[in-house]
Amino acid sequence: MLLIECPWCGPRDDQDFTYGGEAHIARPERPEKLSDEQWGDYLFMRSNPKGTHLERWVCNGCRRWFNVCRDTVTDEITAVYRMGEKPPGAIKKAGRKS
Amino acid sequence: MPEKYQWQSALATLGLEARALAPVAEPGVTLSERRVGTQLVIRGDAAEAEFAAGVSSVLGLDLPTEPKTAHRKGDRTLLWLGPDEWLAVVAGEGEDRLAVSLAEALVDLHHAIADVSHSRAVIGLEGPRAREVLMKGTNVDLHPRVFAEGSCVQAHLGRCHMLLHQLDAAPRYDIYVHRSFAVYAWSWLSDASREYGLSIASSGAVR
Amino acid sequence: MTSQPFRRLEGGLIDRDRPLTFRFDGSTFTGYAGDTLASALLANGVTLVGRSFKYHRRRGIVAAGVEEPNALATLREGNRQEPNLRATQVELFDGLTASSQNRWPSLDFDVGGINNILSRFLPAGFYYKTFMWPAGAWMFYERFIRAAAGLGKAPLLGDPDYYERRHAHCDVLVVGAGPAGLSAALAAGRSGARVILVDDNAALGGSLRGDTATINEVPALAWVDEVGGTLEALENVRILTRATAVGYYDQNLITVCERVADHLARPDPHQPRQRLWWVRAKRVVLATGAIERPLVFANNDLPGVMLASAVRTYQLQYAVKCGRRAVVFTNNDSAYSCVSALMGGGVPVSAVVDTRASGPGDAARKIVDSSGVECLFGHAVVGALGRQRVTSVEVMALADGGSRVTGRSRVIDCDLLCVSGGWNPTVHLFSQSQGKLRYDEGLTSFVPDASSQAESSAGAARGELGLDACLRGGIEAGAEAARLAGFTPTEDVEAARCDHVDEAPVEALWAVPLPARRHGKRFVDLQNDVTAEDVALADREGYQSVEHLKRYTTLGMGTDQGRTSNVNGLAILAGLRDSDIPSVGTTTFRPPFNPVTLGTITAREVGADLAPLRLSPMHDWHAGVGANFVTVGLWLRTQFYARPGEAMMEAINREVLAVRNAVGMVDVSTLGKIEIQGRDAAEFLERVYINRWTNLQVGRCRYGFMLREDGFILDDGTTTRVADNNFYMTTTTAQAGPVMAHLEYYAQTVWPELHVHLTSVTDQWAGMAIAGPRSREVLAAACEGGDVGDESLPFMGYLESRIAGVPVRLFRMTFSGEMAYEVHTPSDYGIRVWEALMAAGKDFAITPYGTEAMSVLRIEKGHVVGAELDGRTIPADFGFERMQKKDRDFIGKRSLERPALAYGPRKRFVGLISEDGRKIPRGAQLVWNPTAPKPVPMLGHVSSTCYSPNLGNYIALALLEDADGYQGKLLYASSPLTDSHVPVRVGHSVFIDPEGERARG
Amino acid sequence: MHATSGIPIVTMSKYSIFSLVRNALGYHENWPLAWRSPEPKAEYDVVIVGGGGHGLATAYYLAKEHGIRNVAVLEKGWLGGGNTGRNTTIIRSNYLWDESAALYEHSLKLYEGLSQELNFNIMFSQRGVLNLAHNLHDMRELSRRVNANRLNGIDSEILTPEQIKAIVPILNTSPTARYPVLGASLQRRGGTARHDAVAWGFARGADAHGVDIIQNCEVTGIRRNGARVEGVETSRGYIAAKKVGVVVAGHCSVLAGMAGFRLPIESHPLQALVSEPVKPIHHSVVMSNAVHVYVSQSDKGELVIGAGIDAYNSYAQRGSFAVVEGQIGALVELFPIFSRLRMMRQWGGIVDVCPDASPIIGKTPVENLFFNCGWGTGGFKATPGSGWVFAHTIATGEPHPLNAPFTLERFTTGFLIDEHGAAAVAH
């Protein structure tokens, strides 16, 4: 069972958090300008990487959303950072195709 | 209509006053229904000096900015709920005017005040085995080295959500649960306590 | 009642002053406090304890601990019956009843024994090759196979005991309280770290409990007691005995099953039977010891063939002689201490058969030299002889590095054969923690290699088998763990001293070859009856991956998880494939290390506590008048209020008519309520709702739809502008949680720049809807001051007032289609206000109604609920496309423009009226011709259906393709389930007052 | 017995009671290999990536139904080592939507003859699958689904608590239970099969038709020539292929990445466990979606228990113990007598979940590269049907009508096949 460190409440079992999926998927500024393909991509397409994954969780204690960098193979959590912050230097967003 | 209906707490249905009459020898745990008074959720930016000052001017308590801590003076408590969220609990003097005074103090600051006095029921839990009982239902570390007098935390208790506040080293705890879950929380706590000997204390006069 | 013929007169750790009586298979025996069921049975000379899984062969006790494959018994009776317990782990208590398993009619005469005679035709995986004809006959054969399989019987009654969960946190968790574990706990505990020490057994000491060694110049057990005392005295150390660490999960979560009351006939009142500890540890020290391997030779499953270490433990710890005359068969030195234990305990040893031509090391050699036991080096036991149990063994010389046996065979009489094939470190928890294993040629076993979590192994668990190494390794591991957890180990802690014993290395012999032209069963997995020949067959047929071997032969799949068989099987496979063991690999060990009662995993979250029941503030009132309740999500709500002698439908119809013709009141406290505050509150609503909000005036309410980003409806509800920057949102009961989460997500992660604060106030407010033509009069009578007429409280208006002296929020909105109001008041006043309204409504015959009547009223009015908003519908399906803002974005807008949602053939919302007055079946599908050949084309489905007392007919709401095309037409509401196909007329979804005049009054 | 296919078997010694006896007399020393372990050839007409049940079935039907024999199945580990060997083996076809129902029903029909077809006993046991309803909402959804099933010609019925009690006497049907049992749907033709046997049977059958099954061969890259696939890089060298079919539950996003596109899929842990073996006590399959637990009893006597998926992405093949705890709580509530039985072994698999909980079977942005993925928790029951339609799609280059709706494009157009409604994508 994951031990996740809420930036405010500290470490807790994963059952005290809710998962929010892949992080840094910005909602398009002007959705109406997007093609169906682009919009479908935003809605559904995910990198789902085997390895480093940047993801969102919300703490069921303080109810704050934040970002987690976790290895999806080892479940090791290498970083936790707040909404709006950039992932810590070394970490690249995995799986992204341009 | 029977008088008991005129004002009815979430736990009234359990008839706790009657149960409190039966004393238990050397209880490991004592449970009680607590009447804490007015509860307000206060939202705002702790970094704004005026905000912190405004709140403490009304409550006479410093704004706890350290996560999972509470400040308490007499029957006034200010608990940290989140980086921009607090719960003010005030009984007695000034209780009814609290929301208004706060709104005045914080006017033209980005803030929010919500009256949640009826949102949560409060269960008092104390006794030498009180910590053992809680550790059956929550995975938060309550060891005195990390959770002591003045600590508070929001976590799950069994299958419901609680706001836990440690009042002293006895240890004595206040457990805030959402009103509609109060009966569940109470029976969960009393079941979990039987192993250690449970006594039920009177909640004192109905307010 | 027999005496205990095999019990030694003195010695051992049993309490001869506390004799205990117990029953096994109906016979009564006695044992002593401190016995296990196994040691007590052996003391009474009971050697046949079970039948094997597949061939039903006679089996006896092999081991003394968690690795026992054979001695599985059913314990207790009635509602406390529990199957498949290892006799070697069951603490004896007075009155214990146990019975053997997997035999019929009796252990001694078992019909299933026929399988043994037929065993030649039942090789590994035989069932994959037959039972296929005639087609579909498998289920016939399967019945017999199922009946033959399985071990013990499950109880047939509910469990009278209860269980606990206990969360715990510590700096250092030490698993195992043997020499290494005790040393580790001592080093860590002295540093001030929070330490939890867990051990499987009732007392500390582990292997030292059956050992004659001296530590710090005192007997080992004296040292154990001293260290135990020291640890007890440390406030930062918690010791758990009868506690097995069973699961090792991510980030150092270890589950520990504590058997609180299993050693008692029944738990004391309020005492849990078992407690599952969920331990989060900063560091873990695994001091789990090692498990002895058996040797694989013909008939090695005969009762009387036992692990040498077990024989020694029974001899020394339990003062039990496992036989009258022994032979010891080994490939390593450890078994020689068994020789001395046997001789010292009055059991003559006929011979020591050592596969090593060079024999053992000096210490071991001393033992045999002094005792004059015959030693056959470079020899092996090629077969155990005997029918009921071992009566003699056949010994031959080994040749060609153990690849064949040679020379004349010699038969040696004995009724006890002690075998030792080397030792396997107990790496199960380490393996569970995702640590990598390494094969150690010297030890001929797998040992921990790289850790993948904050963990280290110590002592025998890491392959350091010597006592001195265990004591030293334990201290080092404990100190290191404390240091890594942020504590400073004290200087004065140093390893306890004991003599070092020089041992000659173990020499692998994975399976004793069969003499030429001989066949015989050489068991690798005793519990699942897997032989060396089965392993060969799997290899021959291509099941060559270790996992295939396991799955094809069931090797290691038993309740002992292959503790004594995995490595032997693996090595035999490697031999067959001429490859080395590491390249064949090892199987992964999965939790739990030892089987865990389902009850203790569930703990107290059973029955009523499985999930909370949420109660309305007015619950006591409803209960007081005898309401019928129904669960809606976690809530308990009033379904209807039946009067004495009134049937459900009668009550519902009465309640519905009361609302349409006079006035009724329903408890709507369960609606979700959210306060939305801040200067951007209105802008926030614009973005989350499909319709317009910035132009909503203070003191007015508005109905709206909220979509998910994929365009489907998340929820509908009414939101009121209480003040400029303060909105009061209501959601449906079911979606209260999801909507709050949805709004929080967007407020925090998508539009953090907006100044808006959300607070859930669902529990703050009791809510009641008062509906019907007379509702305004009732409200007027109840409200103190302030009129509630059209001017001050128009349709979709909001007003703050007082009822019965307490504050209330009044909303003029309708769900029933009648003139209606919602009254919200702080929850603790709920009953007070409810009763005040009932009193005020007395003269107007106010009628309380429940969810059923509410549902009928809304169906008559064509209002949608969860049945329609099932996560697959969009506003246009209900004719609300006009509500959607054209000029600006909102959540889900772009998705609505995708082909499928914009111009795909969508099912739309319609009303149905029963054509012939028959009930429209629940969940019916709409078809043109119900008797058409299957698959019958389905045009849509009935989402909600009811009897309308106002229309005097059955009506329904449905989603139907080409809805406009079918308007006014006849279709069938088809329910093959109830074999009813009801003709229905398709019409408008609003059955009553389509113009909505009643609501406006 | 393959006369129906019109294609003679290359090599396969028939299994039967007679061959069993014959071999017993030879101490079982003459059994042939169930399948060969050939070295990969330089080129194949079709390369199937993934040696699980779906991949092996695809290869089998390619050879048998379409006569395409120059086929290799590449498995990075051991046959059936993924979800095939980790699932709880439930087979049913009572799905709500026509598209799903048709696909799963086709699969169920194939299962009904599979042991004979493959001459390998997969132990398909049609002991019936019950889906419990615990509240009025469940009952309504159940009725809707069962009615749809029946009109689609799929056997399905709803039982009263009394009828359920008759089939599952040990089920707690007390009206005062926290999750009372108001009713259940029953598909009598549903049941369980031996998961390993399905993989082994298809492997042996495919091998007999000349398919090369290559284990311990991991695909590390997908080589394209412009828009068209031309082969795969593997741990055992490059293998050219005219067509490539990818069936790698738990890794499809990784393979898609190699081919240069993304999928609407997230990989989640799905956990399961077995109890110690006990004598027969539970003869059907009971599922409860409301409390997320399902249970059957294996022929060995173990209770086979499954849970809902873990919420977070993972390739770790293990999940949160809290999920297991919740699942067992529900189980003990439904079956109070299980409280004293013991969990013997728990494990996890990786399930690839689509937003609409329906699979993707068909073409990809890359020519001659086909994907079959996104089965979520429902893959095992679809094994033969999935292989059958995928073989057709690869052989003809066009989807069979049965899998035509299950395109990748539907996530652009919005024509979803939403089997779980309100539980769909949250944001």
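Protein chains get the first letters and strands the later ones, always in sequence-line order, with residue 1 at the start of each.
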Contact winner vs chain D - C/Pro83, C/Pro592, C/Ala154, heavy-atom pairs under 4.5 Å: C/Pro592
Greatest number of heavy atom pairs closer than 4.5 Å to chain D - which of C/Arg898, C/Glu541, C/Arg146: C/Arg146
Which residues share a ring pair (Phe, Tyr, Trp, His ring centres under 6.0 Å) with C/Tyr249, sequence neighbours left out: D/Phe321
Worked check of ring-ring contact (aromatic ring centres under 6.0 Å, His included) between C/Tyr127 and C/Tyr141: CA-CA 10 Å; C/Tyr127 30 74; C/Tyr141 301 111; over 10 Å; no
Distance-minimising heavy-atom pair for C/Val246 and C/Asn594: CG1-O, 3.5 Å
D/Gln346 side chain vs C/Pro591 backbone, donor-acceptor pair below 3.5 Å: no
Residue part contacting chain D, namely of C/Leu613, when any heavy atom lies under 4.5 Å: both
Donor-acceptor side-chain pairing of C/Tyr163 and C/Asp159 below 3.5 angstrom: yes
Portion of C/Ser545 that has a non-hydrogen atom of chain D nearer than 4.5 angstrom: side chain
Residue D/Tyr111 versus chain C: region with a heavy atom under 4.5 Å: neither
Within 45° cone and under 6.0 Å: C/Lys550 NZ/CZ vs C/Tyr543 ring: no
C/Ala611, part contacting chain D, at a heavy-atom distance under 4.5 Å: both
D/Leu96 versus chain C, the contacting section by heavy-atom distance below 4.5 Å: side chain
Region of C/Ala148 that comes under 4.5 Å of a non-hydrogen atom in chain D: backbone
Shortest non-hydrogen separation from C/Thr255 to C/Leu276 and the atoms involved: CB-CD1, 4.3 Å
Which atoms of C/Glu897 approach chain D - backbone, side chain, both or neither, heavy atom under 4.5 Å: neither
cation_pi(D/Arg194, D/Phe124) dist<6.0 Å, angle<=45: no
Chain C contact via D/Leu79 - which portion, at a heavy-atom distance below 4.5 Å: both
Per-residue contact mode, C/Met139 against chain D (heavy atom under 4.5 angstrom): side chain
Engaged part of C/Val630 at the chain D interface, taking heavy atoms whose separation is under 4.5 Å: side chain
Top of C/Arg590, C/His548, C/Gln434, C/Glu547 for chain D proximity - count of heavy-atom pairs under 4.5 angstrom: C/His548
Atom group of C/Arg604 that falls short of 4.5 Å from chain D, counting heavy atoms: neither
D/Ile281 portion near chain C, given a 4.5 angstrom heavy-atom threshold: side chain
Between C/Arg120, C/Gln81, C/Lys153, the one whose heavy-atom pairs under 4.5 Å with chain D are most numerous: C/Arg120
Min side-chain heavy-atom separation C/Glu605-C/Arg165 under 4.5 Å: yes
Pick from D/Glu302, D/His134, D/Gln297 with the largest number of heavy-atom pairs that fall under 4.5 Å of chain C: D/Gln297
Whether D/Asp418 side chain and C/Arg872 backbone form a donor-acceptor pair below 3.5 Å: no
Candidate pair C/Lys54 and C/Asp534, rule salt bridge (charged side-chain N to carboxylate O under 4.0 Å, His left out), full reasoning: CA-CA 13 Å; C/Lys54 184 175 170 188; C/Asp534 290 322; 5.1 Å; no
Worked verdict on C/Asn102 versus D/Lys279 for side chain to side chain donor-acceptor pair (under 3.5 Å): CA-CA 8 Å; C/Asn102 203 35; D/Lys279 290 294 177 189; 3.0 Å; yes
D/Glu75 side chain near D/Ile213 side chain, heavy-atom distance below 4.5 Å: no
Region of D/Ser19 in contact with chain C, defined by heavy-atom distances below 4.5 Å: neither
Side chain, backbone, both or neither of D/Ala177 within contact of chain C (heavy atoms, under 4.5 Å): neither
Pick from D/Gln126, D/His137, D/Arg145, D/Glu112 with the largest number of heavy-atom pairs that fall under 4.5 Å of chain C: D/Gln126
Pairs of heavy atoms under 4.5 Å with chain C: top-ranked of D/Met139, D/His283, D/Arg410: D/Met139
Region of C/Val546 in contact with chain D, defined by heavy-atom distances below 4.5 Å: neither
Chain D contact via C/Asn79 - side chain, backbone, both or neither, heavy atoms under 4.5 Å: backbone
Atom group of C/Leu157 that falls short of 4.5 Å from chain D, counting heavy atoms: backbone
Residue D/Asp98 versus chain C: region with a heavy atom under 4.5 Å: side chain
Heavy-atom closest contact (C/Ala149 atom, C/Phe53 atom, distance): CB-CZ, 4.0 Å
Side chain proximity check, D/His195 to D/Trp200, heavy atoms < 4.5 angstrom: no
Chain D contact via C/Gln561 - which portion, at a heavy-atom distance below 4.5 Å: side chain
Residue selection (most heavy-atom pairs with chain D, distance under 4.5 Å) from C/Gln101, C/Arg540, C/Glu82: C/Arg540
N-O pairing of D/Arg150 and D/Glu157 below 4.0 Å: no
Side chain, backbone, both or neither of C/Asp979 within contact of chain D (heavy atoms, under 4.5 Å): neither
Heavy-atom proximity to chain C below 4.5 Å, by part of D/Asp196: side chain
Contact winner vs chain C - D/Gly85, D/Gly113, D/Ala330, heavy-atom pairs under 4.5 Å: D/Gly85
Options D/Gly301, D/Ala197, D/Ala148, ranked by heavy-atom pairs under 4.5 Å with chain C, top entry: D/Ala148
Test item: side-chain donor near acceptor, C/Ser895 and C/Asp710, under 3.5 Å: no
From CA spacing to verdict: side chain to side chain donor-acceptor pair (under 3.5 Å), C/Thr600, C/Thr597: CA-CA 6 Å; C/Thr600 188; C/Thr597 321; over 6 Å; no
Step-by-step side chain to side chain donor-acceptor pair (under 3.5 Å) determination, D/Ser275 to D/Arg342: CA-CA 5 Å; D/Ser275 76; D/Arg342 289 189 301 262; over 6 Å; no
Between C/Pro935, C/Gly599, C/Pro595, C/Gly542, the one whose heavy-atom pairs under 4.5 Å with chain D are most numerous: C/Pro595
Short side-chain to backbone donor-acceptor contact, D/Arg204 and D/Asn119, under 3.5 Å: yes
Residue among D/Glu141, D/Gln327, D/Arg178 with most heavy-atom pairs under 4.5 Å to chain C: D/Arg178
Contact class of D/Arg345 relative to chain C, heavy atoms under 4.5 angstrom: both
Part of C/Leu85 lying under 4.5 Å from any heavy atom of chain D: both
